Amino acid sequence: MVKPHSTAPHADSQASPGASTRWPRRVFSQGSDPDPRFSLANERTFLAWIRTSLALFAAGVALEAVNLPIVPGLRRAAAIVLILLGAASPAQAWFGWVRTELALRRGRGLPPPLMAVPVGAGLLLVGILVLLGLIL
């Protein structure tokens with residue numbers, strides 16, 4: 001018979017069974033396993049940041065590769081910003097996953113994403129650069 005899980009994460013201080021064989025140990029050695037739905041949602045968020053990273057890389061490369069009628073210096077600057085954001089997004093994916101998994105395992109509130117504001121600000125900057133590049 002399958003043991004049902006509660007809908008709230010556990011706040012126990014003991015490590016879950018098999019924690020010593022799961023990686024990263026510093027995450028799985030703390031607290032106890034939350035409801036699997038929470039961990040799977042955390043994993044989906046990790047993958048969404050990875051997809052965001054790929055899209056940012058692709059946009060940066062495409063912006064520079066496609067001959068658009070944009071002032072070349074502004075086009076290159078916008079492409080560099082997109083590629084830098086794409087390079088930073090996997091850090092958000094990993095550190096966000098770790099921070100959220102630890103919070104779930106400890107029964108604490110979820111942390112905010114570290115890269116949400118920088119990515120939003122970077123995309124605003126890219127929009128301004130492209131707009132200026134089209135106007136000038």
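All residue numbers refer to positions in the sequence shown, counting from 1. Note that this is a predicted model, so its numbers are computed, not measured.
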- Query: Going through the checks in order, is the side chain to side chain contact (heavy atoms under 4.5 Å, CB included) test met by Leu63 and Leu68?
  - Reply: CA-CA 8 Å; Leu63 188 58; Leu68 298 173; 3.8 Å; yes

Rounded to the nearest 0.5 Å, how far does [atom2] of [Y] lie from [atom1] of [X]?
X	Y	atom1	atom2	value
Phe28	Glu101	CZ	CD	5.0 Å
Leu110	Leu104	CG	CG	5.5 Å
Ile128	Leu74	CD1	CG	11.5 Å
Ser39	Phe46	OG	CZ	14.0 Å
Ile80	Leu85	CD1	CG	12.0 Å
Arg105	Asn42	CZ	CG	11.5 Å

Work out which heavy atom in [X] is nearest to a heavy atom in [Y]; give both atom names and the distance.
X	Y	value
Glu64	Arg76	OE2-NH2, 2.8 Å
Trp94	Pro24	CH2-CG, 3.9 Å
Ala103	Gly109	CB-O, 3.4 Å
Trp49	Ala116	CH2-N, 4.1 Å
Val98	Arg26	CG1-NH2, 3.3 Å
Gly60	Ile83	CA-CG1, 4.0 Å

Taking the side chain as C-beta and beyond, is there a heavy-atom pair between [X] and [Y] under 4.5 Å?
X	Y	value
Ile70	Leu136	no
Pro112	Arg99	yes
Asn67	Arg75	yes

- Task: Test Leu82 against every option in Leu125, Leu129, Leu56 by the side-chain contact (heavy atoms from CB on, under 4.5 Å) rule and name the one that passes.
- Result: Leu56

For the hydrophobic clusters of this structure (ILVMFWY residues joined by side-chain heavy atoms under 4.5 Å, transitively), does one cluster hold both [X] and [Y]?
X	Y	result
Val117	Phe95	no
Leu84	Leu123	no
Val126	Leu124	yes

- Go through Ser89 and Ile50 one step at a time and tell me if the side chain to side chain contact (heavy atoms under 4.5 Å, CB included) criterion holds. CA-CA 7 Å; Ser89 293; Ile50 296 299; over 6 Å; no

- Task: With side chain to side chain contact (heavy atoms under 4.5 Å, CB included) as the test, would you mind laying out the steps for Gln92 and Thr52 before giving the verdict?
- Result: CA-CA 11 Å; Gln92 168 60 47; Thr52 299; over 6 Å; no

- side chain to side chain contact (heavy atoms under 4.5 Å, CB included) between Phe38 and Thr100: does it pass, once the steps are laid out? CA-CA 9 Å; Phe38 296 117; Thr100 300; over 6 Å; no

